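Following: one structure in structure tokens, then a few remarks.
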2 protein chains.
Amino acid sequence: MNSTVYVDNNATTAVAPEVTEAMLPYFTEHWGNPSSMHTFGGHVKRALDAAREKVAALIGAEHPSEIIFTSCGSESNNMAILGAVDAMGGHPHVITTRVEHAAVLGPCHYLEDKGFRVSTLDVDEKGRLDIERIREESMAGKKTVASIMWANNETGVIFPVPEVGAVIKEGGGIYHTDAVQVAGKLPVNVKEIPVDLLSISGHKLHAPKGIGALYVRRGTKLTPQIMGGHQERGRRAGTENTPYIVGLGKACELAMQTMDKDAAHERRLRDRLEAGILATCKGARVNGDTEHRLPNTTNISFEYVEGEAILLMLDDVGICASTGSACASGSLEPSHVLRAMDVPRALLHGSIRFSLSRYNTDADIDDVLEKLPVIIDRLRELSPFVKD
Amino acid sequence: MNSTVYVDNNATTAVAPEVTEAMLPYFTEHWGNPSSMHTFGGHVKRALDAAREKVAALIGAEHPSEIIFTSCGSESNNMAILGAVDAMGGHPHVITTRVEHAAVLGPCHYLEDKGFRVSTLDVDEKGRLDIERIREESMAGKKTVASIMWANNETGVIFPVPEVGAVIKEGGGIYHTDAVQVAGKLPVNVKEIPVDLLSISGHKLHAPKGIGALYVRRGTKLTPQIMGGHQERGRRAGTENTPYIVGLGKACELAMQTMDKDAAHERRLRDRLEAGILATCKGARVNGDTEHRLPNTTNISFEYVEGEAILLMLDDVGICASTGSACASGSLEPSHVLRAMDVPRALLHGSIRFSLSRYNTDADIDDVLEKLPVIIDRLRELSPFVKD
């Protein structure tokens, strides 16, 4: 990463050196199968248990057994929604929002195609939910499974999860939240919020890509989505990915230790970046509710220019950012999140997400603030729509 | 692993040092998201493509795009069966066998509970299939999805996959085979065998636990089981586990280079081990068809003694083996595979699987042959059933 400025941490984060170090022995020495009856496997089993406790601690879970290890946040989201719907039986009503991650909208669309009633709720122009609408939907009589995210990956907008959960539970529903962008960035305490299922992704908090977790509150019925062996207490078959589970445990431990400091650091850098861009780039506007927002994220639209052009020119000068979700990149469709927020046409195609991590520095921000205004000026010169 | 003899390679294998070395840079340097538009992610994308080609080459796939990366063999099996059944629609008839891995029987039982017709075929006392029974089932009129394994994980017995596939395709069905125990051990060429879907597990061929692949022949309809992002051409959402994918590619490349030599080496050691045990341990009998068998596996029953007792005493002297599938360990039920083979009661509870890898040596075999007969003698002395 020499001379590269990486401000795309909502897409993926660097593996923390401490995490790599913690994982290594599980490749080279302790590669036993934790399900094996011999001592060689038994050692690995104890490492799994310790990691499960660390993940449980990060989110305040009462029992480590409420943590199921998965292969990614997408699996966690699919498992939560499809597993809860199947276990509930009788075609429950599904409630979600227009701004969820693709790994929530995907299974919801699948259920809709199968004839389930799926309510996909709107947000306002700042990306905020209408709690009363959720109440109406969750009180509509039928049993419900709701999947409503904690913080948006593209804008960083934070939903009022305690209130959302209260309303869903009032209606007797099951509540899942995609907390992939929150876990490790802000305090999460499932003891205090009425959530039944909560998704975590390792690679958003400095563990590797390929590991996730699903919190399942005790007593929540869930049909396994990968069936077979007895692993994860029969809730997710497959030989455990022991190195990454150890790595996720380490990443959660690190996050607990440094979260407050990291959040303050990222917030300061983000605010400096945002203020600098708004002051120096013509036609720049921040998307989404800046009052309830992740400390590390800003999503900025640049009027009359194409986001992808900005990205390519940033890439040329060694700056890695994104237009929105990496999971949707490659499609030329404008962001479904910004469309749900009714972002005006002239701004819709020109959005860039900057997302920071504990590893970003003031020098990174200086670099972006030096190079971005030049790029925006050049692109505006080329734009047929700019009138100034 | 100093002073430990590991003969439990069908449960899991050591990560090859070459694989660990190939993966490391993807933790420390190249940790970008392959879906990102910037150069930093693009580099990783090319590594994924190269790994996909290596996996495709190992099994003779025509196009790398026929390989989908998954999180494990269990996911591959579930995805193949549930995905093919869903894509086919209209409640197809499911055909499988009594000796499949739990990750095949699990989804089949699930479908049975949902009202699908599932035929679970018997094997004979050597663990062999009756091709005529498969023909009858696959010709029964309805569309079928068949999942019939290539080689058994407990006994090593190899099914005649080319003939099985021919019969299934004759009936117009979709054929999936769990090749988790074959890939990397014996040549696989999907160009020459009529199989539509084929499962691979990384940790059975010296890649880490937590990575698998599913071969999907072009044109085979499959509903994704993890929905969301566009990864794996929309067939398996979730940010790619880039280090492990690179590792699986490397493991497949190594397997191609050393397979013949490894198989000969393992066969020689296995035959020596087996002959030695039969000559020195009272009441020992090999389970399953020894003519069509993996070169690395022997499953031996010891009359009138408990397999778990043997295991624990082997473990005490530093030898790691198993009674059967690690995925079923912990349950005190006798092996479903041996029960399907009608292994007599006196032998059913006393089976041990020895499974070798390229890393086993003659010294390992010497060690087992020195220590095992003593253990069997001692346990027979304690057994109330032994009459000699």
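Predicted model only: the values in this text are computed from it and were never measured. In what follows, every chain begins at residue 1, and chains take the letters A, B, ... in the order their sequences are listed.
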| query | Does some side-chain heavy atom of A:Asp315 sit less than 4.5 Å from a side-chain heavy atom of B:Met37? | reply | no
| request: To the nearest 0.5 angstrom, please state how far the CD1 atom of B:Ile226 sits from the CD atom of A:Gln225. | output: 9.0 Å
| How far does CD of A:Glu75 sit from CD of B:Glu75, to the nearest 0.5 angstrom? | 6.0 Å
| message | To the nearest 0.5 Å, what is the distance between NE2 on B:His38 and OG on A:Ser322? | response | 6.5 Å
| field | Heavy-atom proximity to chain B below 4.5 Å, by part of A:Leu314 | value | neither
| Is it the backbone or the side chain of A:Ile81 that comes under 4.5 Å from a heavy atom of chain B, or both, or neither? | neither
| task | Report yes if some heavy atom in the side chain of B:Asp8 is under 4.5 Å from a heavy atom in the side chain of A:Phe40; otherwise report no. | result | no
| field | B:Leu312 CG to A:Thr39 OG1 distance, which is reported to the nearest 0.5 Å | value | 8.5 Å
| field | B:Ile245 versus chain A, the contacting section by heavy-atom distance below 4.5 Å | value | neither
| Reported OG-to-CE distance for the pair B:Ser74 and A:Met227, which is rounded to 0.5 angstrom | 11.0 Å
| request: Identify the two heavy atoms, one from A:Ala237 and one from B:Cys72, that lie closest to each other, and give their separation to 0.1 Å. | output: O-SG, 4.4 Å
| query | Any idea which heavy atoms bring A:Ala102 and B:Gly229 closest together, and the distance? | reply | CB-N, 3.9 Å
| request: Report yes if some heavy atom in the side chain of A:Ser71 is under 4.5 Å from a heavy atom in the side chain of B:Arg236; otherwise report no. | output: yes
| field | Engaged part of A:Leu82 at the chain B interface, taking heavy atoms whose separation is under 4.5 Å | value | side chain
| task | May I ask you to check whether over 12 heavy atoms, not counting those of B:Lys371, lie within 6.0 Å of atom NZ? | result | yes
| query | Side chain, backbone, both or neither: which part of B:Leu311 has an atom under 4.5 Å from a heavy atom of chain A? | reply | side chain
| field | Part of A:Asn78 within contact of chain B (heavy atom distance under 4.5 Å) | value | side chain
| Shortest non-hydrogen separation from B:Ser36 to A:Ala11 and the atoms involved | OG-CB, 4.3 Å
Going by atom type alone, with no hydrogens or angles, which donor-acceptor pairs under 3.5 Å involve a side-chain atom of residues 12-23 of chain A and a protein atom two or more places apart or on another chain?
from, atom 1, to, atom 2, distance (Å)
A:Thr12, OG1, A:His203, ND1, 2.6
A:Thr12, OG1, A:Lys209, NZ, 2.9
A:Thr13, OG1, A:His203, O, 2.7
A:Thr13, OG1, A:His206, N, 2.8

| So which part of A:Pro107 gets closer than 4.5 Å to some heavy atom of chain B, the side chain, the backbone, both or neither? | both
| Student check: side-chain heavy atoms of B:Asp86 and A:Lys114 closer than 4.5 Å | yes
| request: Let me see the working for A:Ile211 and B:Tyr244 under side chain to side chain contact (heavy atoms under 4.5 Å, CB included), right down to the final yes or no. | output: CA-CA 11 Å; A:Ile211 186 74; B:Tyr244 280 15; over 6 Å; no
